[in-house]
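Just so it is clear: chains get the letters A, B, ... in the order the sequence lines come, proteins before strands, and each one is counted from 1.
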Amino acid sequence: MPELPEVETVRQGLAKWVTGRRIASVEVRHPRAIRRHLPGADHFAAVLAGHTVIDVCRRGKYLWLPLDSGDAIIGHLGMSGQLLFQPGDAPDEAHLRIRFRFADGGPELRFVDQRTFGGLSVSPGGAELPAEIAHIARDPMDPLFSDADFVANLRRKHTEVKRALLDQTLISGVGNIYADEALWRSKLHGARPTDAITKPAAARLLGHVREVLSEALVAGGTSFDALYVNVNGESGYFDRSLNVYGREGEPCNRCGTPIRREAFMNRSSFSCPRCQPRPRRPVRATS
DNA sequence: CAGCTAGCCTGATTGC
DNA sequence: TGCAATCAGGCTAGCT
(Lines give C-alpha, C1' and ligand atoms only; values in the text may rest on other atoms or scores of the structure.)
Protein backbone atom coordinates (compact mmCIF):
# COMPACT_ATOMS: atom_id res chain seq x y z
CA MET A 1 0.00 0.00 0.00
CA PRO A 2 2.16 2.83 -1.19
CA GLU A 3 1.90 5.92 0.99
CA LEU A 4 4.52 8.65 1.30
CA PRO A 5 7.40 6.49 2.64
CA GLU A 6 6.88 3.88 -0.05
CA VAL A 7 6.54 6.40 -2.88
CA GLU A 8 9.58 8.33 -1.65
CA THR A 9 11.57 5.09 -1.55
CA VAL A 10 10.57 4.46 -5.16
CA ARG A 11 11.42 8.07 -6.07
CA GLN A 12 14.92 7.71 -4.70
CA GLY A 13 15.43 4.49 -6.65
CA LEU A 14 14.14 6.10 -9.84
CA ALA A 15 16.33 9.16 -9.35
CA LYS A 16 19.37 6.96 -9.08
CA TRP A 17 18.59 4.71 -12.03
CA VAL A 18 16.78 6.85 -14.59
CA THR A 19 18.04 10.43 -14.28
CA GLY A 20 19.97 11.46 -17.38
CA ARG A 21 18.88 8.48 -19.46
CA ARG A 22 17.26 8.90 -22.87
CA ILE A 23 14.07 6.97 -23.57
CA ALA A 24 14.39 4.92 -26.75
CA SER A 25 10.90 3.43 -26.92
CA VAL A 26 7.75 2.96 -24.87
CA GLU A 27 5.53 -0.10 -25.07
CA VAL A 28 2.00 0.17 -23.66
CA ARG A 29 0.67 -3.25 -22.78
CA HIS A 30 -2.59 -2.20 -21.13
CA PRO A 31 -4.54 0.94 -22.09
CA ARG A 32 -5.92 1.50 -18.59
CA ALA A 33 -2.42 2.11 -17.28
CA ILE A 34 -2.37 5.36 -19.26
CA ARG A 35 -4.40 8.11 -17.64
CA ARG A 36 -6.00 11.27 -19.00
CA HIS A 37 -4.35 10.90 -22.36
CA LEU A 38 -7.10 11.17 -24.95
CA PRO A 39 -4.80 10.86 -28.02
CA GLY A 40 -4.21 7.25 -27.00
CA ALA A 41 -1.41 4.86 -26.19
CA ASP A 42 0.46 5.23 -29.49
CA HIS A 43 0.63 8.98 -29.05
CA PHE A 44 1.71 8.57 -25.42
CA ALA A 45 4.62 6.42 -26.56
CA ALA A 46 5.50 8.77 -29.41
CA VAL A 47 5.76 11.94 -27.31
CA LEU A 48 8.14 10.27 -24.86
CA ALA A 49 10.49 8.47 -27.24
CA GLY A 50 13.81 10.20 -27.81
CA HIS A 51 13.67 12.36 -24.71
CA THR A 52 15.86 12.38 -21.62
CA VAL A 53 14.66 12.21 -18.02
CA ILE A 54 16.19 15.14 -16.17
CA ASP A 55 14.78 14.67 -12.66
CA VAL A 56 12.43 12.59 -10.49
CA CYS A 57 10.08 14.57 -8.25
CA ARG A 58 7.27 13.75 -5.86
CA ARG A 59 4.14 15.48 -4.60
CA GLY A 60 2.34 13.45 -1.96
CA LYS A 61 1.88 10.02 -3.47
CA TYR A 62 2.39 11.27 -7.03
CA LEU A 63 5.67 11.10 -8.90
CA TRP A 64 6.63 13.23 -11.84
CA LEU A 65 9.59 12.97 -14.16
CA PRO A 66 10.48 16.14 -16.10
CA LEU A 67 11.91 15.47 -19.55
CA ASP A 68 14.18 17.57 -21.74
CA SER A 69 11.21 18.01 -24.09
CA GLY A 70 9.43 20.21 -21.54
CA ASP A 71 6.86 17.48 -20.87
CA ALA A 72 6.79 15.40 -17.70
CA ILE A 73 5.70 11.85 -17.01
CA ILE A 74 3.26 11.75 -14.08
CA GLY A 75 2.91 8.50 -12.19
CA HIS A 76 0.71 7.15 -9.42
CA LEU A 77 1.16 3.67 -7.98
CA GLY A 78 -2.43 3.33 -6.81
CA MET A 79 -2.79 0.23 -4.67
CA SER A 80 -0.51 -2.22 -6.38
CA GLY A 81 1.65 -0.32 -8.84
CA GLN A 82 5.37 -1.04 -9.06
CA LEU A 83 8.16 0.65 -10.99
CA LEU A 84 10.93 -1.86 -11.55
CA PHE A 85 14.26 -1.89 -13.33
CA GLN A 86 14.86 -5.13 -15.17
CA PRO A 87 17.33 -6.44 -17.69
CA GLY A 88 15.76 -6.46 -21.14
CA ASP A 89 15.86 -10.24 -21.30
CA ALA A 90 14.05 -10.76 -17.97
CA PRO A 91 10.67 -12.48 -18.48
CA ASP A 92 7.62 -10.20 -18.55
CA GLU A 93 5.78 -9.87 -15.24
CA ALA A 94 2.19 -11.16 -15.23
CA HIS A 95 0.86 -7.61 -14.82
CA LEU A 96 3.39 -5.70 -16.88
CA ARG A 97 1.52 -2.62 -18.15
CA ILE A 98 4.15 -0.27 -19.62
CA ARG A 99 7.77 -0.83 -20.63
CA PHE A 100 10.41 1.87 -21.20
CA ARG A 101 13.55 0.99 -23.14
CA PHE A 102 16.53 3.34 -23.03
CA ALA A 103 19.01 4.46 -25.64
CA ASP A 104 21.94 3.27 -23.52
CA GLY A 105 20.72 -0.33 -23.72
CA GLY A 106 20.79 -0.58 -19.92
CA PRO A 107 18.05 -1.92 -17.64
CA GLU A 108 14.51 -1.15 -18.81
CA LEU A 109 11.88 0.48 -16.60
CA ARG A 110 8.67 -1.46 -16.14
CA PHE A 111 5.35 -0.30 -14.72
CA VAL A 112 3.72 -3.38 -13.24
CA ASP A 113 0.26 -3.11 -11.65
CA GLN A 114 -2.01 -5.96 -10.67
CA ARG A 115 -5.15 -3.96 -9.85
CA THR A 116 -4.60 -1.08 -12.27
CA PHE A 117 -5.56 1.55 -9.72
CA GLY A 118 -2.36 3.28 -10.67
CA GLY A 119 -1.24 4.70 -13.98
CA LEU A 120 1.02 7.05 -15.90
CA SER A 121 0.24 10.18 -17.86
CA VAL A 122 2.04 12.94 -19.75
CA SER A 123 1.84 16.55 -18.69
CA PRO A 124 3.20 19.66 -20.40
CA GLY A 125 4.17 20.92 -16.95
CA GLY A 126 7.87 20.18 -17.25
CA ALA A 127 9.95 20.86 -14.17
CA GLU A 128 7.16 22.87 -12.53
CA LEU A 129 4.48 21.15 -10.51
CA PRO A 130 2.14 19.73 -13.18
CA ALA A 131 -1.33 21.29 -13.24
CA GLU A 132 -2.89 17.84 -12.94
CA ILE A 133 -1.55 17.48 -9.41
CA ALA A 134 -1.59 21.11 -8.34
CA HIS A 135 -4.53 20.38 -6.03
CA ILE A 136 -2.39 18.00 -3.95
CA ALA A 137 -1.15 19.67 -0.75
CA ARG A 138 2.48 19.62 0.30
CA ASP A 139 3.45 16.70 2.51
CA PRO A 140 4.64 17.22 6.10
CA MET A 141 8.24 16.38 5.16
CA ASP A 142 8.27 19.20 2.61
CA PRO A 143 10.39 22.16 3.85
CA LEU A 144 7.68 24.53 2.62
CA PHE A 145 4.87 22.74 4.46
CA SER A 146 3.24 25.18 6.87
CA ASP A 147 2.42 23.72 10.26
CA ALA A 148 0.35 26.76 11.20
CA ASP A 149 -1.71 26.54 8.02
CA PHE A 150 -2.32 22.85 8.56
CA VAL A 151 -3.52 23.38 12.12
CA ALA A 152 -5.80 26.24 11.07
CA ASN A 153 -7.20 24.42 8.03
CA LEU A 154 -7.78 21.23 9.99
CA ARG A 155 -9.73 23.03 12.70
CA ARG A 156 -11.72 24.94 10.12
CA LYS A 157 -13.11 21.74 8.61
CA HIS A 158 -16.34 20.07 9.65
CA THR A 159 -15.44 16.44 9.41
CA GLU A 160 -13.78 13.61 11.32
CA VAL A 161 -10.06 13.76 11.97
CA LYS A 162 -9.19 10.56 10.12
CA ARG A 163 -11.05 11.74 7.04
CA ALA A 164 -9.07 14.96 7.23
CA LEU A 165 -5.74 13.11 7.43
CA LEU A 166 -6.68 11.21 4.28
CA ASP A 167 -7.69 14.41 2.46
CA GLN A 168 -4.77 14.94 0.07
CA THR A 169 -5.75 18.57 -0.48
CA LEU A 170 -5.17 19.26 3.23
CA ILE A 171 -2.05 17.18 3.84
CA SER A 172 -0.60 14.72 1.35
CA GLY A 173 1.18 11.41 1.58
CA VAL A 174 -0.89 9.95 4.42
CA GLY A 175 -2.96 6.84 3.75
CA ASN A 176 -4.99 4.41 5.83
CA ILE A 177 -2.03 2.75 7.54
CA TYR A 178 -0.11 5.81 8.68
CA ALA A 179 -3.30 7.70 9.58
CA ASP A 180 -4.20 4.94 12.04
CA GLU A 181 -0.64 4.83 13.38
CA ALA A 182 -0.45 8.60 13.92
CA LEU A 183 -3.87 8.67 15.62
CA TRP A 184 -2.77 5.91 18.00
CA ARG A 185 0.36 7.85 18.89
CA SER A 186 -1.79 10.93 19.55
CA LYS A 187 -4.38 8.93 21.54
CA LEU A 188 -7.14 10.26 19.29
CA HIS A 189 -10.03 8.29 17.81
CA GLY A 190 -10.39 8.88 14.07
CA ALA A 191 -14.02 9.92 14.47
CA ARG A 192 -13.13 12.93 16.60
CA PRO A 193 -14.55 16.08 15.00
CA THR A 194 -11.83 18.28 13.57
CA ASP A 195 -13.49 21.50 14.70
CA ALA A 196 -13.25 20.35 18.34
CA ILE A 197 -9.54 19.56 18.27
CA THR A 198 -7.46 22.14 20.11
CA LYS A 199 -4.51 23.84 18.49
CA PRO A 200 -1.97 22.01 20.69
CA ALA A 201 -3.64 18.66 20.00
CA ALA A 202 -3.59 19.36 16.25
CA ALA A 203 0.09 20.30 16.47
CA ARG A 204 0.85 17.11 18.38
CA LEU A 205 -1.02 15.04 15.81
CA LEU A 206 0.98 16.64 13.02
CA GLY A 207 4.15 15.82 14.93
CA HIS A 208 3.09 12.19 15.17
CA VAL A 209 2.22 12.05 11.47
CA ARG A 210 5.68 13.37 10.68
CA GLU A 211 7.27 10.95 13.14
CA VAL A 212 5.59 7.83 11.77
CA LEU A 213 6.26 8.81 8.16
CA SER A 214 9.94 9.44 8.79
CA GLU A 215 10.39 6.20 10.76
CA ALA A 216 8.71 4.26 7.97
CA LEU A 217 10.87 5.97 5.37
CA VAL A 218 14.03 4.91 7.20
CA ALA A 219 12.70 1.33 7.22
CA GLY A 220 12.13 1.48 3.46
CA GLY A 221 8.35 1.47 3.79
CA THR A 222 5.66 -0.99 4.85
CA SER A 223 4.54 -4.12 3.06
CA PHE A 224 2.27 -7.00 4.02
CA ASP A 225 2.82 -8.91 0.83
CA ALA A 226 4.81 -8.47 -2.34
CA LEU A 227 2.55 -5.70 -3.65
CA TYR A 228 4.71 -2.82 -2.54
CA VAL A 229 8.38 -3.05 -3.49
CA ASN A 230 11.18 -0.64 -4.32
CA VAL A 231 12.65 -0.41 -7.82
CA ASN A 232 14.73 -3.51 -7.12
CA GLY A 233 11.69 -5.56 -6.12
CA GLU A 234 12.49 -5.51 -2.38
CA SER A 235 9.92 -4.95 0.38
CA GLY A 236 10.34 -2.55 3.30
CA TYR A 237 10.10 -3.80 6.85
CA PHE A 238 8.19 -1.10 8.73
CA ASP A 239 5.23 -3.50 9.17
CA ARG A 240 7.17 -4.91 12.13
CA SER A 241 6.84 -1.49 13.78
CA LEU A 242 3.08 -1.02 13.36
CA ASN A 243 1.19 -0.48 16.61
CA VAL A 244 -2.42 -0.82 15.48
CA TYR A 245 -2.80 -1.40 11.75
CA GLY A 246 -3.71 -5.02 11.03
CA ARG A 247 -3.44 -5.95 14.73
CA GLU A 248 -7.11 -6.61 15.60
CA GLY A 249 -7.36 -8.52 18.87
CA GLU A 250 -3.68 -8.18 19.69
CA PRO A 251 -2.66 -6.23 22.82
CA CYS A 252 -2.09 -2.50 22.61
CA ASN A 253 1.62 -1.79 22.98
CA ARG A 254 0.80 0.91 25.53
CA CYS A 255 -1.92 -0.55 27.75
CA GLY A 256 -2.45 -4.16 26.71
CA THR A 257 -6.10 -3.72 25.70
CA PRO A 258 -6.97 -5.76 22.57
CA ILE A 259 -6.85 -3.61 19.43
CA ARG A 260 -10.24 -2.98 17.87
CA ARG A 261 -11.19 -2.91 14.22
CA GLU A 262 -14.04 -0.77 12.94
CA ALA A 263 -15.60 -0.31 9.52
CA PHE A 264 -14.57 2.95 7.90
CA MET A 265 -15.42 4.03 4.37
CA ASN A 266 -15.76 0.46 3.09
CA ARG A 267 -12.45 -0.50 4.68
CA SER A 268 -11.06 -0.76 8.20
CA SER A 269 -9.75 1.42 10.98
CA PHE A 270 -7.67 0.02 13.82
CA SER A 271 -7.37 1.65 17.22
CA CYS A 272 -7.03 0.97 20.93
CA PRO A 273 -10.44 1.11 22.69
CA ARG A 274 -8.84 2.37 25.89
CA CYS A 275 -6.20 4.83 24.61
CA GLN A 276 -8.47 6.11 21.83
CA PRO A 277 -12.06 6.21 23.13
CA ARG A 278 -14.75 7.04 20.61
CA PRO A 279 -16.05 10.61 20.87
CA ARG A 280 -19.11 10.85 23.06
CA ARG A 281 -21.30 12.54 20.52
CA PRO A 282 -21.64 12.23 16.77
CA VAL A 283 -19.89 14.87 14.68
CA ARG A 284 -22.98 16.95 14.13
CA ALA A 285 -26.73 16.68 14.38
CA THR A 286 -28.31 16.20 10.97
CA SER A 287 -30.98 18.85 11.28
C1' DC B 1 -19.01 25.05 -1.87
C1' DA B 2 -17.80 21.44 1.23
C1' DG B 3 -18.55 16.87 2.47
C1' DC B 4 -19.35 12.34 1.24
C1' DT B 5 -19.49 7.91 -1.38
C1' DA B 6 -19.74 4.62 -5.41
C1' DG B 7 -16.87 2.61 -8.41
C1' DC B 8 -12.62 1.37 -10.43
C1' DC B 9 -9.70 -3.49 -10.41
C1' DT B 10 -7.79 -8.45 -9.47
C1' DG B 11 -6.04 -12.08 -6.55
C1' DA B 12 -6.12 -14.27 -2.02
C1' DT B 13 -9.01 -15.88 1.30
C1' DT B 14 -13.25 -17.35 3.40
C1' DG B 15 -17.89 -19.43 3.37
C1' DC B 16 -21.38 -22.46 1.82
C1' DT C 1 -14.37 -29.72 -4.97
C1' DG C 2 -16.20 -25.58 -6.83
C1' DC C 3 -18.18 -21.46 -7.01
C1' DA C 4 -19.48 -17.06 -4.90
C1' DA C 5 -18.85 -13.55 -1.71
C1' DT C 6 -15.59 -10.68 0.67
C1' DC C 7 -11.68 -7.81 1.31
C1' DA C 8 -7.66 -4.86 0.23
C1' DG C 9 -7.79 0.83 -0.69
C1' DG C 10 -6.12 5.77 -3.30
C1' DC C 11 -8.38 8.58 -6.05
C1' DT C 12 -11.93 10.88 -8.87
C1' DA C 13 -16.45 11.93 -10.63
C1' DG C 14 -20.60 13.17 -9.33
C1' DC C 15 -24.01 13.51 -5.91
C1' DT C 16 -26.26 15.91 -1.93
Choose from [options] the nucleotide whose nearest atom is closest to any side-chain atom of [X].
X	options	value
A/H95	C/dC11, C/dG10, B/dT10	B/dT10
A/M79	B/dC4, B/dC9, C/dA8	C/dA8
A/M265	B/dT5, C/dA8, B/dT10	B/dT5
A/R163	B/dT5, B/dG3, B/dT10	B/dT5

Calculate the interatomic distance between [X] atom [atom1] and [N] atom [atom2]; express it in whole Å.
X	N	atom1	atom2	value
A/L170	B/dC4	CG	P	13 Å
A/L166	C/dC11	CG	P	9 Å
A/Q114	B/dC8	CD	C1'	14 Å
A/L120	C/dG10	CG	C1'	16 Å
A/L154	B/dA2	CG	C1'	15 Å
A/I136	C/dC11	CD1	P	6 Å
A/K61	C/dT12	NZ	C1'	13 Å
A/F270	C/dC7	CZ	P	12 Å

Under 4.0 Å between any heavy atoms, over every strand shown, what does [X] touch: base, sugar-phosphate, or nothing? Just pick one.
X	answer
A/N266	sugar-phosphate
A/Y62	sugar-phosphate
A/H135	sugar-phosphate

Comparing A/T116 and A/R156 on DNA chain B - which has the more 5′ nearest nucleotide |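 It is A/R156, whose closest nucleotide lies nearer the 5' terminus.
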Mapping A/K157 and A/R97 onto DNA chain B by nearest heavy atom, which one lands closer to the 5' end?
->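 The residue whose closest nucleotide sits nearer the 5' end is A/K157.
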Look at the side chain of A/S268 and the backbone N and O of A/A263, then say whether any donor-acceptor pair between them is shorter than 3.5 Å.
->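 No; judged by distance alone, with no hydrogens or angles, the pair does not exist.
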In degrees, rounded to 10°, what is the bend between the two ends of the helix from B/dA2-C/dT16 to B/dC16-C/dG2, using five pairs at each?
->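 Comparing the axis at each end, I get an angle of 60°.
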Hey, are A/S172 and A/K61 close enough side-chain-wise for a donor-acceptor pair under 3.5 Å?
->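 No pair is found: no donor N or O on one side chain lies under 3.5 Å from an acceptor on the other.
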With a 4.0 Å limit, can you tell me whether [X] has a side-chain N or O closer than that to the phosphate oxygens OP1/OP2 of [N]?
X	N	answer
A/R32	B/dC9	yes
A/R35	B/dC8	no
A/S268	C/dA8	yes
A/S80	B/dT10	no
A/H158	B/dA2	no

State whether [X] and [Y] are salt-bridged, where the test is any N-O pair (Lys NZ or Arg NE/NH1/NH2 against Asp/Glu carboxylate O) under 4.0 Å.
X	Y	value
A/R260	A/E248	no
A/D195	A/R155	no
A/E215	A/R185	yes

Cation-aromatic face contact A/R138/A/F145, 6.0 Å, 45 degrees |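 No, A/R138 does not sit over the ring of A/F145.
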For the pair A/F85 and A/W17, name the ring-plane relationship: parallel under 30°, tilted 30 to 60°, perpendicular over 60°.
->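 Plane angle between 30° and 60°, so tilted.
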Any chance CG of A/D104 has more than 12 other-residue heavy atoms, nucleotides or ligands included, within less than 6.0 Å?
->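 Yes.
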